[in-house]
Amino acid sequence: MKLVLKTKAILEVAFFTSFALIGCAESFAAPPDAVAGKAKAQTCFACHGENGIGISPDIPNLAAQPALSITYQLIQFRGQQRKGGAMEALAAGLNDQDMRDIAAYYAALPPPPAKFGNADMIAKGQQISNVQYCNSCHGAQLQGQKHIARLAGQSPEYLVTQLKNIRSGSRVDMDGTMGSAARGLSDEDIEAIAAYAASLK
Ligand code: HEC
Ligand code: HEC
């Protein structure tokens, strides 16, 4: 019990530290404009949809993602710290204000619909998510918050790919906290968590 509490405390410290760093970088930003963001997102619609729902299972839903999470992923693609799906080239042409405006547009859209999969897998995924404190950072319903991605209603195929990439280190996360969270997961754990997250609204 003591050990469990300690793990949770460490995760929370890690979470607040990373947010404090990000908070500093944001403080001089102009207010984001979702209307301008929609105009700037026209090139994104071909894959992420005007409604923020990806057109195929390997393309993430952006609808209702926290704006800061979208912005920071775009910054990482532009800086080539994260690679995949030609996103590096697409983000290269965006300045910080473009990213904040586009993020405001997608963040304000209604969340993706819940996907019902195998009930046993979903139950197992929920259990792992609780034991591993995924919700201490991603939110009680894995809805995301601040710079941390929404997992609820996300494509399960996409989630599996990302968790494996984060676990192997081929996707480097911004502060290492997500790398530590993924390291202990087996392939079966990952499949179950993805089914659980996808089933949430
Ligand atoms: C050709 C299809 C395509 C287009 C066009 C496209 N994307 Fe993507 N996007 C992807 C794919 C595929 C991924 C997943 C990349 C990976 O595997 O890491 C992705 C990932 C992302 C992510 C990360 C989401 C997350 O949950 O981590 C964001 C944010 C994003 N795209 C925003 C945009 C924006 C903004 C535009 C327009 C400027 C855009 N994308 C245009 C295919 C596309
Ligand atoms: C200490 C906080 C923290 C914990 C605990 C945590 N995460 Fe994360 N997670 C993050 C952050 C921060 C990111 C963004 C990483 C980046 O790209 O820099 C992230 C990203 C992700 C992504 C990629 C999402 C996307 O749209 O690309 C997935 C999937 C994910 N986490 C699943 C999980 C699961 C499953 C657990 C529990 C086993 C978990 N996380 C626990 C902070 C956390």
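For ligands, and for the atoms within them, numbers begin at 1 and follow the listed sequence.
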Distance filter under 4.0 Å to [X] heavy atoms, resulting ligand 2 atoms:
X: I193; answer: 35 (C)
X: L159; answer: 29 (C)
X: Q132; answer: 38 (C)
X: Y133; answer: 5 (C)
X: D173; answer: 15 (C), 16 (C), 18 (O)

Which is closest to [atom] in terms of heavy atoms, [options]?
atom: atom 13 (C) of ligand 1; options: S170, S56, A41, P60; result: P60
atom: atom 41 (C) of ligand 2; options: S129, A181, G125; result: A181
atom: atom 22 (C) of ligand 1; options: F77, F45, Y72; result: F77
atom: atom 29 (C) of ligand 1; options: I55, T43, I70; result: I70
atom: atom 23 (C) of ligand 2; options: R82, M178, R171, Q154; result: R171

Atom indices of ligand 1 within 4.0 angstrom of [X] heavy atoms, with elements:
X: D58; result: 12 (C)
X: L90; result: 3 (C), 4 (C), 5 (C), 6 (C), 7 (N), 41 (C)
X: G85; result: 12 (C), 42 (C)
X: L74; result: 32 (C), 35 (C)
X: I102; result: 35 (C)
X: G84; result: 15 (C)

N/O of Q73 under 3.5 Å from N/O of ligand 1, yes or no?
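In fact, backbone or side chain, Q73 has no N or O that close.
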Any N or O on Y158 sitting closer than 3.5 Å to an N or O of ligand 1?
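Y158 vs ligand 1: N/O contact under 3.5 Å present.
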[X], [Y]: one ILVMFWY side-chain cluster at the under-4.5 Å cut-off?
X: Y106; Y: Y72; answer: yes
X: M121; Y: L163; answer: no
X: L90; Y: F77; answer: yes
X: I193; Y: I122; answer: no
X: Y158; Y: V160; answer: no

Got a sec: does the CD of Q81 have more than 12 other heavy atoms crowding it under 6.0 Å?
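Yes, the 6.0 Å shell around CD holds more than 12 heavy atoms from other groups.
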Could you say whether the N/O atoms of M174 and ligand 2 ever approach to under 3.5 Å?
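By distance alone, the answer is yes.
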Decide whether an N or O pair under 3.5 Å exists between D175 and ligand 2.
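Among all N and O atoms of D175, none is under 3.5 Å from an N or O of ligand 2.
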From the N, O or S atoms in H138, identify the one nearest to atom 8 (Fe) of ligand 2.
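It is NE2, the N, O or S atom of H138 closest to atom 8 (Fe) of ligand 2.
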Side chains of [X] and [Y]: does their closest heavy-atom pair fall under 4.5 Å?
X: I166; Y: R183; value: no
X: P60; Y: Q154; value: yes
X: R100; Y: D96; value: yes

Applying side-chain contact (heavy atoms from CB on, under 4.5 Å) to M99 and I75, what does each step give before you reach the verdict?
CA-CA 8 Å; M99 292 179 179; I75 290 173; 3.7 Å; yes
Is any side-chain N of the basic residue among R78 and D98 closer than 4.0 Å to the acidic one's carboxylate O?
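Salt bridge: no.
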Salt bridge between E50 and K38, side-chain N to carboxylate O under 4.0 Å?
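Here E50 pairs with K38 in a salt bridge, since their nearest N and O are under 4.0 Å apart.
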Please determine whether any non-hydrogen atom of Q65 lies less than 4.0 Å from an atom of ligand 1.
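Judged by the 4.0 Å heavy-atom criterion, Q65 does count as contacting ligand 1.
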Heavy-atom distances under 4.0 Å decide this one: backbone, side chain, both or neither, for C134 against ligand 2?
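The answer is both, backbone and side chain.
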Structural part of I128 in contact with ligand 2, heavy atom criterion under 4.0 angstrom:
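Looking at I128 and ligand 2, no heavy atom falls under 4.0 Å.
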Looking at T71 and A67, would you say the former's side chain and the latter's main chain have a donor-acceptor pair under 3.5 Å?
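Pair found, side chain donor or acceptor close to backbone of A67.
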Sub-3.5 Å donor-acceptor pair from the side chain of D173 to the main-chain atoms of T177, do we have one?
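Here the side-chain-to-backbone pair exists.
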How far is [atom] from the closest protein heavy atom, and which atom is that?
atom: atom 28 (C) of ligand 1; answer: L62 CD2, 3.8 Å
atom: atom 40 (N) of ligand 1; answer: H48 NE2, 2.8 Å
atom: atom 16 (C) of ligand 1; answer: Q162 NE2, 3.4 Å
atom: atom 19 (C) of ligand 1; answer: M87 CG, 3.3 Å
atom: atom 36 (C) of ligand 1; answer: C44 SG, 2.7 Å
atom: atom 1 (C) of ligand 1; answer: C47 SG, 2.7 Å

Under a 3.5 Å cutoff, is there a donor and acceptor pairing between the side chains of Q76 and R171?
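The answer is no; no qualifying pair exists.
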How about Q97 and D101: does a side-chain donor come under 3.5 Å of a side-chain acceptor?
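There is such a pair between these side chains.
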Please work out whether the ring planes of Y105 and F45 are parallel, tilted or perpendicular, with thresholds of 30° and 60°.
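The arrangement is tilted - the two ring planes meet at 30° to 60°.
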